[in-house]
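Take a look at the structure below.
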Amino acid sequence: MELPENVTEMVNAHIMGFDATMGMRYLKVSADELIAELTVGEQHHQPYGLVHGGVHAGLIEAVCSTGAAVNVMPEGKSAVGLDNMTSFLRASRSGTLRCRATPIHKGRRSHVWQAEVRDGEDRLLATGRVRLMILDAGAAAAGETVELQGG
């Protein structure tokens with residue numbers, strides 16, 4: 001699949017909600033690889049001062065979901081998460097988290113993407129797999145049509 005040359009800039013221009021709150025930004029977006037990062041701040045910590053597991057799971061979900069979405073948006077479709085299986089391997093407290101996602105399966109009705117989260121020293125912190133449902137144009141979720149908000 002051919003994506004626009006400026007797809008990374010386009011995706012970064014539409015970061016909002018949870019992804020914006022997390023402080024995410026994409027370094028690379030293609031049909032078969034996405035890389036995003038965030039700088040750890042106090043808002044990412046749990047009470048022991050470690051990066052909260054939800055940050056890892058959220059980062060994995062966001063990057064995998066974006067991967068599926070950019071693959072199906074040219075067809076007017078959208079992607080929503082069904083499962084997120086995240087495993088936490090190593091704790092961190094500060095620095096940069098970088099998430100790389102790649103597809104395992106890109107089907108007509110579902111996608112499965114895998115991701116790794118690494119720290120600034122390239123140590124593996126978490127791995128995950130996200131299964132996504134591909135929705136046709138005009139499909140509804142939570143009572144409303146699924147479409148990009150604010151952009």
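Since the model is a prediction, treat every value here as computed from it, not as a measurement. Every heavy atom of this structure was used, including side-chain atoms; hydrogens, water molecules and symmetry mates were not.
- With salt bridges taken as basic N to acidic carboxylate O contacts below 4.0 Å, none links D136 and R108.
- Rounded to the nearest 0.5 Å, atoms CG (L27) and CG (L34) are 10.5 Å apart.
- Residues R90 and L124 fail the side-chain proximity criterion, which asks for heavy atoms closer than 4.5 Å.
- Dense packing is recorded around CD of Q43, with more than 12 heavy atoms of other residues, nucleotides or ligands lying under 6.0 Å away.
- Panel note: side chain H44, backbone G41; a donor-acceptor pair is recorded below 3.5 Å.
- V63 and A36 get closest at one heavy-atom pair: CG2-CB, 3.6 Å.
- How far OG of S65 is from CD1 of I60: 11.5 Å, rounded to the nearest 0.5 Å.
- Side-chain atoms of T86 and N84 include a donor-acceptor pair closer than 3.5 Å.
- Residues V130 and V112 fail the side-chain proximity criterion, which asks for heavy atoms closer than 4.5 Å.
- Q46 places a side-chain N or O within donor-acceptor distance of the main-chain N or O of Y48, the cut-off being under 3.5 Å.
- Taking all atoms of both residues into account, the shortest heavy-atom contact from Y26 to T66 is OH-OG1, 2.9 Å.
- L97 and F88 fall into different hydrophobic clusters, where Ile, Leu, Val, Met, Phe, Trp and Tyr residues are linked whenever their side-chain heavy atoms come under 4.5 Å apart, directly or through other members.
- Between T127 and Q114, every side-chain heavy-atom pair lies at or beyond the 4.5 Å cut-off.
- Nearest heavy-atom pair across L3 and V70 is CD2-O, 3.4 Å.
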Exercise. Would you check, one step at a time, whether the test side-chain contact (heavy atoms from CB on, under 4.5 Å) holds for N12 with E9?
Key: CA-CA 5 Å; N12 279 323; E9 292 80 17; 5.7 Å; no

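- In this structure, OG1 in T102 is found 8.5 Å from CG in D32, a value given to the nearest 0.5 Å.
- The closest side-chain heavy-atom distance from H45 to H52 is not below 4.5 Å.
- Contact between E61 and G81 at its shortest, heavy atoms only, is OE2-CA, 3.9 Å.
- Separation of atoms CG (L82) and CZ (R131) is listed at 4.5 Å; rounding is to 0.5 Å.
- The shortest heavy-atom contact between I134 and G107 is CG1-O, 4.3 Å.
- The CG atom of L135 sits 10.0 Å away from the NZ atom of K77 when rounded to the nearest 0.5 Å.
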Practice problem: Show your working on side-chain contact (heavy atoms from CB on, under 4.5 Å) between V40 and T96 and close with a plain yes or no. | Solution: CA-CA 6 Å; V40 175; T96 300; over 6 Å; no

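- When the options R25, K28, R100, R118 are evaluated for a salt bridge (Lys or Arg N to Asp or Glu O under 4.0 Å) with E37, the one that passes is R25.
- Salt-bridge formation is not detected for the pair R129/D83: no Lys NZ or Arg NE/NH1/NH2 atom is positioned less than 4.0 Å from an Asp or Glu carboxylate oxygen.
- The distance from atom CD1 of I35 to atom SG of C99, rounded to the nearest 0.5 Å, is 9.5 Å.
- There is a path of hydrophobic side-chain contacts, each under 4.5 Å, that joins L59 to F18.
- Summarising the geometry of M22 relative to G58, their closest heavy-atom pair is CE-C, 4.1 Å, with the distance given to 0.1 Å.
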